[in-house]
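Notes follow the structure.
Sequence lines set the chain letters: A, B, ... in the order given, protein chains first and strands last, and positions in each chain run from 1. Everything quoted here is computed from the prediction, not taken from an experiment.
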Number of protein chains: 2
Amino acid sequence: MFSKSCKYAIRAVLYLAIHSDAEHKLGVKDVAEALDVPGPFLAKLLQQLSRHHLISSTKGPNGGFYLSETNARANLRGVVESIDGPEVFSSCILGLPVCSSQNPCPLHSRAQLYRQGLLELVEDQTIKEVAERVERQELKI
Amino acid sequence: MFSKSCKYAIRAVLYLAIHSDAEHKLGVKDVAEALDVPGPFLAKLLQQLSRHHLISSTKGPNGGFYLSETNARANLRGVVESIDGPEVFSSCILGLPVCSSQNPCPLHSRAQLYRQGLLELVEDQTIKEVAERVERQELKI
DNA sequence: CTATAAAAAGATAAAAAACTCTTTTAATCT
DNA sequence: AGATTAAAAGAGTTTTTTATCTTTTTATAG
């Protein structure tokens, strides 16, 4: 469903939500090791998220990545769209160039249901909320 | 969501459901041109589906691919599983190696909803039914 | 039984995604 | 100001997915 990159990105954002803030920034290495994902690759993803203002970062000593309060109040949709592109939520499930309610593919109407589920998945709770749930229930990222 | 291969496969199966039967077999080229997908690549996919008995084929003059009555009474789940693997319907949405109701990832419970939608999409109608709808409503494949 | 048509199989090539390494830039601390 | 730290940026490399080409097998028709 989501690309590998996107999965890494979501997990990294949740990790930052739990373990970082403006006073406690984390280096790429910290996050990469904690999540067991390739460091230099994750760096690229975090840079991309940072450029899109979905996470925050500063350079230099004591620099690193972190989630600002504002970042944490957003939901995961932006993260997904930033990495996999906005079309993951709208593109035709059969890959047809044109597919809409007007001109639907054979699976269009049913695909809407699953699409809705997907949107709710990333939209109906903030990153902070997900992160708090992870802490409360001691979930693994 | 589905790989490109899988999208081609679904469309090809629907095309066969509409335009072929045991007496009217189609060559790879016919299908590839009708769907505007790369011929040799589609050939591989059709061979794979044939090996898994999801579509039928015969060699030689007047040979080709077609859907038997039995093939057409199945649903699309087998097609998807044959190409993209069965795990598309069960693997963790965050890519975690272990993720279950016992040991859920942060998005697990909500992901179930979308997963359910996906399964219904491919399971709750037969290929024949989808194909008939395509004909009735003149849908594009 | 021979020629032919079409799928099956195998081997190869191109494109995209995933991953790595090196250099540059910008903060901070002494 | 100079040294240092860590992100940003750029330039590769590897792996996987997508696509192509060639040869082999098998069924049919003449």
Side-chain angles (χ1 to χ4, degrees), chain A residues 1-12 16 20 22-33 35-68 71 80 82-85 87-88 91 95, chain B residues 1-12 16 20 22-33 35-68 71 80 82-85 87-88 91 95:
Chain A
M1 171 50 232
F2 297 135
S3 69
K4 224 164 166 179
S5 296
C6 191
K7 292 169 184 172
Y8 292 167
I10 294 174
R11 293 171 61 205
L16 289 176
S20 83
E23 279 76 49
H24 302 86
K25 295 160 194 167
L26 295 176
V28 179
K29 224 180 131 194
D30 303 319
V31 183
E33 282 173 4
L35 302 183
D36 193 28
V37 306
F41 189 62
L42 183 62
K44 288 294 179 191
L45 298 173
L46 294 181
Q47 283 164 26
Q48 196 174 337
L49 293 174
S50 180
R51 254 185 279 116
H52 286 84
H53 306 294
L54 299 162
I55 67 176
S56 306
S57 70
T58 64
K59 295 184 176 182
N62 280 311
F65 295 96
Y66 65 100
L67 278 214
S68 68
N71 293 151
V80 173
S82 161
I83 303 292
D84 278 354
E87 62 281 1
V88 288
S91 64
Chain B
M1 173 50 234
F2 298 136
S3 69
K4 222 165 168 180
S5 297
C6 190
K7 291 170 184 173
Y8 291 168
I10 294 174
R11 293 171 61 205
L16 289 175
S20 82
E23 278 77 48
H24 302 88
K25 296 160 195 167
L26 296 176
V28 179
K29 224 179 130 195
D30 303 320
V31 183
E33 281 173 4
L35 302 182
D36 191 27
V37 306
F41 189 63
L42 184 63
K44 290 290 178 192
L45 297 173
L46 293 180
Q47 283 164 27
Q48 195 173 337
L49 293 174
S50 181
R51 256 184 277 116
H52 286 85
H53 306 292
L54 299 163
I55 68 177
S56 307
S57 70
T58 63
K59 296 182 175 184
N62 280 313
F65 295 96
Y66 64 100
L67 280 214
S68 67
N71 293 150
V80 172
S82 161
I83 304 291
D84 277 354
E87 61 283 1
V88 290
S91 65

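Residue K4(B) has its side chain nearest to dT18(D) when only dA26(C), dT18(D), dA7(C) are considered. For K59(A), the listed nucleotide lying nearest its side chain is dA6(D); candidates were dA9(D), dC19(C), dA6(D). Side chain of F41(A), nearest nucleotide from dA7(D), dA9(C), dC19(C): dC19(C). Side-chain atoms of P38(B) lie closest to dT20(D) of the nucleotides dA29(D), dA26(C), dT20(D). The side chain of P61(A) has dT4(D) as its nearest neighbour among dT4(D), dT28(D), dA7(C).
E33(B) places its CD atom 13 Å from the P atom of dA6(C), with the value rounded to the nearest Å. Atom CG in L45(A) sits about 9 Å away from atom P in dC19(C), given to the nearest Å. Rounded to whole angstrom, the span from the CG atom of L46(B) across to the C1' atom of dT20(D) amounts to 16 Å. In this structure, L35(B) atom CG and dA19(D) atom C1' are separated by 16 Å, rounded to whole Å. Residue I55(A) contributes atom CD1, which lies 10 Å from atom P of dA7(D) at whole-angstrom precision. Per the geometry, NZ belonging to K29(A) stands 15 Å off C1' belonging to dT20(C), to the nearest Å. At whole-Å resolution of the value, NZ in K25(A) and C1' in dT5(D) are 13 Å apart. Across the protein-nucleic acid pair, D84(B) atom CG and dT16(D) atom C1' stand 13 Å apart, rounded to whole Å.
Residue I83(B) is out of contact with every strand shown, counting any heavy-atom pair closer than 4.0 Å. In this structure, L42(A) reaches neither bases nor backbone, as no heavy-atom distance under 4.0 Å exists between it and the strands shown. As judged by a 4.0 angstrom heavy-atom cut-off over every strand, K44(A) is placed among the base-contacting residues. Using a 4.0 Å heavy-atom criterion, one finds that P40(B) contacts the bases of the nucleic acid, with or without backbone contacts as well.
Between the side chain of D30(A) and the backbone N or O of G27(A), at least one donor-acceptor pair lies under 3.5 Å. Formation of a donor-acceptor pair under 3.5 Å by the S50(A) side chain with backbone atoms of S56(A) is not found in this model. For the pair D84(A) (side chain) and F2(A) (backbone), a donor-acceptor distance under 3.5 Å is absent.
Among I10(B), V88(B), L45(B), the single residue meeting the side-chain contact (heavy atoms from CB on, under 4.5 Å) criterion with I83(B) is L45(B).
In terms of position on DNA chain C, the residue among Y8(A) and G60(A) whose nearest nucleotide sits closer to the 5' end is Y8(A).
Between R51(A) and the phosphate of dA7(D), there is no side-chain N or O to OP1/OP2 separation shorter than 4.0 Å. Close to dA8(D), at under 4.0 Å from its OP1 or OP2, lies a side-chain N or O of S57(A). Put simply, S5(A) has a side-chain N or O that comes within less than 4.0 Å of OP1 or OP2 on dA18(C). OP1 or OP2 of dA8(C) has at least one side-chain nitrogen or oxygen of S50(B) nearer than 4.0 Å. OP1 or OP2 of dA6(C) has not a single side-chain nitrogen or oxygen of N62(B) nearer than 4.0 Å.
F65(B) places a side-chain heavy atom less than 4.5 Å from the side chain of V28(B). Between L49(B) and S82(B), some side-chain heavy-atom pair lies under the 4.5 Å cut-off.
Between the side chain of Q47(B) and the base of dA8(C) there is at least one donor-acceptor pair of N/O atoms closer than 3.5 Å.
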